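Down below is the structure, laid out as structure tokens.
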Amino acid sequence: MRMLLPSALAARLLGAFRQPLLHSLWRGLAPLLYWLRAAFWWPGTGKGQQRVRERAEGRQEEEADGDLPITPTSVNYHFTRQCNYRCGFCFHTAKTSFVLPLEEAKRGLFLLKEAGMEKINFSGGEPFLQDRGEYLGQLVKFCKQELLLPSVSIVSNGSLIREKWFRDYGDYLDILAISCDSFDEEVNVLIGRGQGKKNHVENLQKLRKWCNDYRVAFKINSVINRFNVDEDMNEQIKALNPVRWKVFQCLLIEGENCGDDALREAQRFVISDEEFEEFLERHKGVSCLVPESNQKMKDSYLILDEYMRFLNCRSGRKDPSMSILDVGVEEAIKFSGFDERMFLNRGGKYVWSKADLKLDW
């Protein structure tokens with residue numbers, strides 16, 4: 001099969017269906033093409049996965065310093081920049097309203113799987129804004145059911161999630177991460193997580209219950225900044241009992257939340273390294289705490305934007321590569337600025353499939 005239809009030719013054939021006149025035909029043939037790719041080509045991706053595992057175990061240090069292709073083991077896909085919140089420190093702002101057509105997004109995810117992707121994280125903006133969560137649900141289902149990814153996760157502010165979404169797509173989702181920076185609603189409003197009469201903290205409790213009811217691992221993400229750095233969250237986090245509490249230090253990205261062409265001015269949210277460490281020390285008794293300082297975050301994430309371009313943050317701003325839809329994953333990822341060793345050192349590879357978490361539902 002490889003001799004008759006090599007990967008490059010397959011990508012061109014799939015790309016042909018981007019043309020409007022062939023779009024309806026693509027919708028009918030897409031499931032068959034994905035099935036054929038899974039049946040005949042995917043076994044080879046095990047080499048990429050094995051390479052990451054070997055690097056993590058330190059058995060191929062010499063090769064890691066060489067020119068081996070980067071394996072996109074874990075990818076963060078920000079498929080939309082639109083959001084219904086206005087968090088003052090946001091570093092992926094609504095600079096465009098573009099969202100890829102669903103089948104094009106699937107094609108890109110398919111290419112990432114071929115290159116060795118094991119985990120996909122959908123984010124934004126607010127990912128549940130597009131088609132009231134239906135677009136996201138279709139991607140989640142595709143990644144788990146068709147691509148057979150070990151882990152599919154979402155980061156959301158949680159304000160737009162309805163129980164019906166869990167009924168329709170909960171089976172295909174491993175982890176739902178809800179952004180919550182404070183358990184004081186007045187602080188959430190100051191940060192920009194307020195939305196009229198809705199209470200962000202009360203909504204968090206509801207989402208926690210739905211995750212348990214529909215067997216989705218529950219995670220909390222918090223950005224530590226000037227307005228919450230002195231808060232004690234021990235009691236609330238332990239009561240919610242997430243599988244992970246990811247705690248980030250407020251980060252400045254030129255062109256996103258600082259600089260002349262930015263949509264946010266996040267300087268007033270910034271805290272020092274010492275203040276961040278004091279927050280971590282105050283919460284060291286929380287077993288699920290996963291701290292990420294600005295140094296740990298540096299170059300350790302593979303980020304795709306709404307055009308499926310890798311974003312290189314090494315210069316302190318987000319410089320995009322060419323789209324993987326146009327040049328393929330291996331070529332585009334060269335310009336990602338991604339440091340695979342930093343990814344492994346920060347604990348980027350963990351137990352991320354709900355089947356392996358052995359949670360007490």
Side-chain angles (χ1 to χ4, degrees), residues 75-100 105 121-133 135-136 154-161 177-182 185-196 198 200 221-229 246-272 276 292-294 297-323 335-337:
V75 177
N76 296 274
Y77 177 25
H78 296 250
F79 66 80
T80 179
R81 285 178 170 266
Q82 297 300 300
C83 189
N84 58 328
Y85 278 10
R86 296 187 59 82
C87 302
F89 49 70
C90 179
F91 48 75
H92 200 75
T93 55
K95 303 186 81 170
T96 77
S97 59
F98 180 80
V99 176
L100 275 172
N121 180 54
F122 295 107
S123 187
E126 172 46 49
F128 281 88
L129 263 178
Q130 185 70 16
D131 297 334
R132 298 184 177 182
Y135 180 95
L136 174 62
I154 297 170
V155 175
S156 167
N157 63 39
S159 64
L160 302 175
I161 306 176
I178 301 297
S179 299
C180 181
D181 306 311
S182 175
E185 195 61 24
E186 292 183 3
V187 174
N188 282 322
V189 172
L190 283 173
I191 288 172
R193 291 201 190 279
Q195 191 187 31
K198 278 188 176 180
H200 190 77
N221 285 358
S222 300
V223 177
I224 309 309
N225 61 83
R226 178 57 50 205
F227 295 98
N228 66 2
V229 68
K246 186 72 78 71
V247 174
F248 300 95
Q249 183 180 359
C250 182
L251 178 67
L252 294 180
I253 297 290
E254 186 180 348
E256 296 285 355
N257 61 9
C258 69
D260 295 338
D261 56 343
L263 296 183
R264 297 282 190 275
E265 292 295 333
Q267 285 88 346
R268 66 192 181 101
F269 290 88
V270 173
I271 58 174
S272 67
F276 184 66
E292 287 202 7
S293 64
N294 290 345
M297 292 170 62
K298 181 177 171 57
D299 307 326
S300 67
Y301 281 87
L302 272 175
I303 302 173
L304 279 180
D305 72 0
E306 63 275 22
Y307 300 100
M308 284 199 159
R309 304 177 301 186
F310 287 109
L311 297 179
N312 186 329
C313 300
R314 288 195 169 183
S315 63
R317 57 182 299 120
K318 292 180 175 179
D319 297 318
S321 70
M322 296 290 286
S323 174
F335 303 94
S336 66

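Because the structure is predicted, anything quoted here is derived from the model rather than measured.
R314 pairs by the salt bridge (charged side-chain N to carboxylate O under 4.0 Å, His left out) definition with D299, not counting sequence neighbours. For S179, there are no side chain to side chain donor-acceptor pair (under 3.5 Å) partners two or more places apart in sequence or in a different chain. Applying the side-chain contact (heavy atoms from CB on, under 4.5 Å) test to T80 and every residue at least two apart in sequence or in another chain returns Q82, V99. For the salt bridge (charged side-chain N to carboxylate O under 4.0 Å, His left out) test, no residue two or more places apart in sequence or in another chain qualifies with K318.
Counting only residues at least two apart or in different chains, side chain to side chain donor-acceptor pair (under 3.5 Å) contacts with residues 121-133 comprise N76-N121, N121-S153, E126-S156, E126-N157.
Remark: the backbone N or O of V223 is paired with a side-chain donor or acceptor of N228 at under 3.5 angstrom. Panel note: side chain N312, backbone F335; a donor-acceptor pair is recorded below 3.5 Å. With hydrogens and angles ignored, the 3.5 Å screen pairs a side-chain donor or acceptor of S323 with a backbone N or O of Y307.
Residues I191 and Y85 fail the side-chain proximity criterion, which asks for heavy atoms closer than 4.5 Å. Here the side chains of L304 and F310 are in contact, with some heavy-atom distance below 4.5 Å. You'll find the side chain of S159 stays beyond 4.5 Å of the side chain of H200, heavy atoms only.
Relative ring orientation between F79 and F122 is described as perpendicular, the plane-to-plane angle rising above 60° on a 0-90° scale split at 30° and 60°.
Summarising the local packing, CZ of R317 is surrounded by more than 12 heavy atoms from other residues, nucleotides or ligands at distances under 6.0 Å. Heavy-atom neighbours of M322 CE from other residues, nucleotides or ligands within 6.0 Å: at or below the threshold of 12.
For I271 against N225, the heavy-atom pair with the smallest separation is CG2-C, 3.4 Å. Contact detail for G158 and I178: the closest heavy-atom pair is CA-CD1, 3.9 Å. Nearest heavy atoms, N188 versus S182: ND2-O, 3.0 Å.
For the atom pair CZ of R193 and SG of C180, the computed distance is 7.5 Å after rounding to the nearest 0.5 Å. Note that CZ of R226 and SG of C250 are 9.5 Å apart. Values are rounded to the nearest 0.5 Å. For the atom pair R309 CZ and S336 OG, the distance stands at 14.0 Å (nearest 0.5 Å).
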Validation: residues 255-270 side-chain donor-acceptor distances under 3.5 Å, sequence neighbours left out:
residue: E256; atom: OE1; partner: R81; partner atom: NH1; Å: 3.2
residue: E256; atom: OE1; partner: T93; partner atom: N; Å: 3.0
residue: E256; atom: OE1; partner: T93; partner atom: OG1; Å: 2.8
residue: E256; atom: OE2; partner: R81; partner atom: NH1; Å: 3.1
residue: E256; atom: OE2; partner: R81; partner atom: NH2; Å: 3.1
residue: N257; atom: OD1; partner: I253; partner atom: N; Å: 2.7
residue: N257; atom: ND2; partner: F89; partner atom: O; Å: 3.0
residue: N257; atom: ND2; partner: L251; partner atom: O; Å: 2.8
residue: R264; atom: NE; partner: C87; partner atom: O; Å: 3.0

With side chain to side chain contact (heavy atoms under 4.5 Å, CB included) as the test, would you mind laying out the steps for L100 and Y135 before giving the verdict? CA-CA 10 Å; L100 275 172; Y135 180 95; 4.0 Å; yes
Do H92 and L311 pass the side chain to side chain contact (heavy atoms under 4.5 Å, CB included) test, and can you show the C-alpha distance, the side-chain angles, and the key distance before you say yes or no? CA-CA 11 Å; H92 200 75; L311 297 179; 3.8 Å; yes
Decide side chain to side chain contact (heavy atoms under 4.5 Å, CB included) for D181 and V187; before the verdict, give the C-alpha distance in whole Å, the side-chain angles of both, and the deciding distance to 0.1 Å. CA-CA 8 Å; D181 306 311; V187 174; over 6 Å; no
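F276 pairs in a side-chain contact (heavy atoms from CB on, under 4.5 Å) with only one of the listed residues (V229, V247, N294), which is V247.
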